[in-house]
Amino acid sequence: MSDTYTRIYAVVRRIPAGRVSTYGEVARRAGLSGYARQVGYALHALDEDADVPWQRVVNARGEVSLPADAGLDSLQRQMLEAEGICFDARGRLDLKQYGWDSPPGLGKKR
DNA sequence: ACTCAGGCGCTAC
DNA sequence: AGTAGCGCCTGAG
């Protein structure tokens, strides 16, 4: 396992429950600014046993970008809803409200 | 609101 | 060993 993945996992593990972060933000926090794509790969190669909340990582649009054929998209959505995160009609969540660095209390307007 | 191009490293054939 | 595509981002048109 490369050191890059280790850093990514470390950052994802620090995401508090009930909140989400984006690939780019995770990469930036890991000191890997610009490696957003690698974050997705790191999470994909992640084991089920690993205590890494990969479900709390979504794309910049605030939507789950996992392939539907794998069924992981519904799984992620389910787990996030279990943490108190609500999706809108389009299947997207509000990063202004649930975003990691985004201060709570927002969510009006988008 | 959308498309296009550039960038970064990894996986899969 | 080379090529193509990816759980993407960002900025510009």
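Lettering of chains follows the sequences in order, A, B, ..., and the numbering in each one begins at 1. Note that the coordinates shown come from a computational prediction; the quantities given were computed from them, not determined experimentally.
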(message) Quick test of your reading: applying side-chain hydrogen bond (donor to acceptor under 3.5 Å, both in side chains), list the pairs with at least one residue in residues 49-68 of chain A, sequence neighbours left out, ordered by first then second residue.
(response) A:Arg13-A:Asp51, A:Arg56-A:Glu83
(request) Would you please name every residue forming a salt bridge (charged side-chain N to carboxylate O under 4.0 Å, His left out) with A:Arg28, sequence neighbours left out? (result) none
(request) Determine the sole option in A:Val64, A:Ile15, A:Thr22 for which the side-chain contact (heavy atoms from CB on, under 4.5 Å) test with A:Val57 is passed. (result) A:Ile15
(request) Provide, to the nearest angstrom, the distance between the CG atom belonging to A:Leu46 and the C1' atom belonging to C:dC6. (result) 17 Å
(message) Applying side-chain hydrogen bond (donor to acceptor under 3.5 Å, both in side chains), can you list everything that pairs with A:Arg37, at least two apart in sequence or on another chain?
(response) none
(request) Choose from C:dG7, C:dT10, B:dC10 the nucleotide whose nearest atom is closest to any side-chain atom of A:Ser65. (result) C:dG7
(message) So that I can compare with my own list, what are the stems of DNA chain C, taken as at least three consecutive Watson-Crick or G-U pairs with distances under 3.5 Å?
(response) B:2-7 with C:8-13, B:9-13 with C:2-6
(message) Mind checking if A:Gly40 touches a base, just sugar-phosphate, or nothing, with heavy atoms under 4.0 Å?
(response) base
(message) How many whole angstroms separate atom CZ of A:Arg77 from atom C1' of C:dG7?
(response) 17 Å
Could you go through nucleotides 6-9 of chain B and list every protein N or O atom that sits under 3.5 Å from one of its N or O atoms, giving the distance for each pair?
{"residue": "B:dC8", "atom": "O3'", "partner": "A:Tyr35", "partner atom": "OH", "Å": "3.4"}
{"residue": "B:dG9", "atom": "OP1", "partner": "A:Tyr35", "partner atom": "OH", "Å": "3.2"}
{"residue": "B:dG9", "atom": "N2", "partner": "A:Gln38", "partner atom": "NE2", "Å": "3.3"}
{"residue": "B:dG9", "atom": "N3", "partner": "A:Gln38", "partner atom": "OE1", "Å": "2.9"}
{"residue": "B:dG9", "atom": "N3", "partner": "A:Gln38", "partner atom": "NE2", "Å": "2.6"}

(message) Going by the rule side-chain hydrogen bond (donor to acceptor under 3.5 Å, both in side chains), which residues pair with A:Asp47 if we only count those two or more places apart in sequence or in a different chain?
(response) none
(message) Just the rounded figure in Å: distance from P of C:dC9 to CD1 of A:Ile8.
(response) 13 Å
(message) Using whole Å, what does the distance between atom P of nucleotide B:dC10 and atom CG of A:Leu32 come to?
(response) 10 Å
(request) For A:Val57, report the nucleic acid contact type (base, sugar-phosphate, nothing); a contact means any heavy atom under 4.0 Å. (result) base
(request) Identify which nucleotide among C:dT10, B:dC10, C:dG7 has an atom closest to any side-chain atom of A:Tyr5, counting heavy atoms from C-beta outward. (result) B:dC10
(request) Can you tell me the distance, in whole Å, between the CD atom of A:Glu25 and the P atom of C:dC9? (result) 11 Å
(request) Using a cut-off of 6.0 Å, state whether more than 12 heavy atoms not belonging to A:Arg29 lie near its atom CZ. (result) yes
